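Written out below as structure tokens is the structure these notes cover.
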Amino acid sequence: MRIAPSITQRIAVSIMWTLAAVAMGVLAFIITYILWHGLPHLSWAFLTESPKSMGREGGVFPMIVGTLWVTMLAVVIAAPVGVATAIYLTEYTHEGKMTAAIRFGADCLAGIPSIIFGLFGFVFFVITLGMGLSVISGALTVALMVLPTIIRTSEEAIRAVPRAYRDVAYGLGSTRWQMVTRVVVRSALPGIATGVVLSVGRSISETAAVMLTAGSALGLPQSIFQSSRTLSLHFYILSREGISMTNAYATASVLIIAIMAINLSAYWLMRRFVGKA
Amino acid sequence: MTQVMEQIVQSVPQPAGPVPAKMVVEDFSASFGEMQVLKRVNLQIMPCERLAIIGPASSGKTTLMRSLNRLNDMEPQFSREGRIQLDGHDIYHPQTDVPALRRRVGMVYAVPTPLPWSIYENITYGPRLAGVTSRQRLDALVESSLRASFLWDEVKDRLDMPGTDLSGGQQQRLCLSRVLALEPEVLLLDEPCSGLDPISTARIEEAMVELKRKYSIVLVTNNTKQAARASDRTAFFLMGELIECGPTVELFTNPKHQRTSDYITGHFG
């Protein structure tokens, strides 16, 4: 039996629409659920005070500071290394065993569970290098975790720059470095920025790896060599150990709002930037 | 003065007597991997002339052009033999400053490729790399190069608009302006009109008449009519070999080789 094309078309559209709606619905449900339980407990005091009695009372100020430190350091470490690797892979070498090996390695790294990274960070940074449970150990571990994302997204963005731009840049008297920095990377910047923003999100929400490397001290970190608890880990401990579900939801709300704010401002910046370019 | 020079150039057959050639291609062969694309080509490019290069697809025209400013160096498979000289200096000498060479031998590509920036930035990119920083000097370069390619009147009030927003013909003239702003000595035009309408094509050809007062122009074209009307000399390539080169009028009215005559009369290619 043959179904009329107009009917298959309608079936296909409705299936796709349903699937998209399910995806959006799940996302909306999770966000609403958490904000529903968390927002009533959010207050200025919650954001600016230190936790009392293991987090049963008080706020999450030290965790916000700890999260900012770990995330910022991780991205500041990973972004230059990742972008430089992508530039090397695309502009400074020809395809061969070496590039295939680097790319394969990056893809494998991307698939490793974060708890394994945590274990590695614990053994290598915390113990072997003697950095102890600290912000810097956590940041280095998270940097390793997000590196593959930055490499692959930057590589895709650089590859998407038309070949003709390179000819034009050379034709106008650029050296290879000038061609790469002033034409290729400049054109690829929105794509590179997307990768960096994605890795900011991953760094903020990383839990297992920082638990093993940054530790879970409740105090405000005085330097990057001290232990600090991040927001996501605080949420995990509050809920897992049944300390305070209300504060756990409030913490989760802070996290979700922060990630949404970062993504939105990144999109806004990118649109402005691309519009100007 | 320049007219006298042109007459000399046009009347004297190769090798030119009193006027030294701008570029000399000597026994030049080029290959990509196993495939030989140019076979022992000998050719001279004179000052203040428009040299057209014609020939069917894969006759080595573009490879020759990209060899004249060493753009082929970027191809990993590229290898060459023989010499190309610019003002008597071997451009493939290891000590050649390649970016400087490319500023002296500017190139316009078949597909108009404005960089995704403003018109102003497109034109000032090259001069800035060459070390021009004075805003006044850059402004002057933008105006003079846009005037030379007959684009100034159309864009003078919107130099900050993206070059990619221009029409195809305007984009190609922007690409020409961009190269002129480098103040080159030789202009390589690789099928610059292949995607353009007749009016845009006419404007580019018009610009070439003015430009040849200052530059040597090499024009690769698939359009034999364009070669006939917009060049002083024509070189015919076939399968990587230079078959015939001579004054355009002569080559089109009285070709020396059967294959040249077959090609220009449209029997193949």
Side-chain angles (χ1 to χ4, degrees), chain A residues 83 86-103 154-194 267 269-277, chain B residues 62 65-66 68-77 97-118 121-132 145 160-164 171 174-184 186-190:
Chain A
V83 174
I87 290 173
Y88 174 76
L89 282 175
T90 49
E91 303 293 333
Y92 278 84
T93 182
H94 296 301
E95 291 301 312
K97 286 197 177 114
M98 185 69 189
T99 55
I102 294 175
R103 215 164 277 135
S154 305
E155 203 192 336
E156 293 303 316
I158 291 172
R159 248 178 237 293
V161 175
R163 224 188 96 88
Y165 287 8
R166 295 169 172 85
D167 274 353
V168 168
Y170 279 132
L172 295 173
S174 312
T175 59
R176 186 187 287 245
W177 175 246
Q178 288 166 334
M179 182 276 291
V180 166
T181 51
R182 300 186 191 206
V183 177
V184 174
V185 171
R186 186 176 162 183
S187 303
L189 216 57
I192 293 173
T194 308
Y267 286 133
L269 277 175
M270 262 187 276
R271 196 166 305 162
R272 243 182 88 98
F273 186 85
V274 175
K276 262 195 166 177
Chain B
T62 298
M65 294 284 264
R66 292 171 65 94
L68 292 173
N69 68 353
R70 291 190 56 172
L71 262 187
N72 281 329
D73 291 15
M74 305 306 147
E75 308 293 333
Q77 301 271 300
D97 177 350
V98 180
L101 166 74
R102 298 201 182 114
R103 279 192 274 272
R104 292 177 68 190
V105 184
M107 185 157 179
V108 175
Y109 306 89
V111 181
T113 313
L115 294 168
W117 313 331
S118 71
E121 268 188 289
N122 262 284
I123 297 175
T124 53
Y125 175 76
R128 278 197 178 124
L129 290 185
V132 181
S145 58
D160 55 350
M161 89 180 236
T164 38
Q171 285 188 11
L174 172 62
C175 294
L176 180 59
S177 312
R178 188 167 67 184
V179 169
L180 294 177
L182 300 170
E183 303 182 309
V186 180
L187 269 180
L188 307 177
L189 310 178
D190 186 4

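Just so you know, these numbers come straight off a predicted model, no measurement behind them. Reckoned from all heavy atoms, side chains included, excluding hydrogens, waters and symmetry mates. Below, chain A is the first sequence line, B the second, and so on; all start at residue 1.
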Subject >> Contact class of B:R66 relative to chain A, heavy atoms under 4.5 angstrom >> reply: side chain
Subject >> Portion of B:P114 that has a non-hydrogen atom of chain A nearer than 4.5 angstrom >> reply: backbone
Subject >> Proximal component of A:S187, with respect to chain B [non-hydrogen, under 4.5 Å] >> reply: side chain
Original post:
What part of A:R166 gets closer than 4.5 Å to chain B, counting heavy atoms only: side chain, backbone, both or neither?
Top reply: neither
Original post:
Is it true that B:R128 and B:E121 have a side-chain N and a carboxylate O under 4.0 angstrom from each other?
Top reply: no
Original post:
Do the numbers put A:R182 on top of the ring of A:W177, so that NZ or CZ is under 6.0 Å from the six-membered ring centre and no more than 45° off the axis?
Top reply: no
Original post:
Out of B:N122, B:T124, B:T113, which residue meets the side chain to side chain donor-acceptor pair (under 3.5 Å) rule with B:R178?
Top reply: B:N122
Original post:
Taking every heavy-atom pair that is under 4.5 Å apart, which of B:A130, B:G126, B:P76, B:P184 has the most such pairs with chain A?
Top reply: B:P76
Original post:
Are a donor atom and an acceptor atom from the side chains of A:S174 and B:Y125 found within less than 3.5 Å of each other?
Top reply: yes
**OP:** Working to the nearest 0.5 Å, report the span between OH of A:Y170 and OG1 of A:T175.
**Re:** 8.0 Å
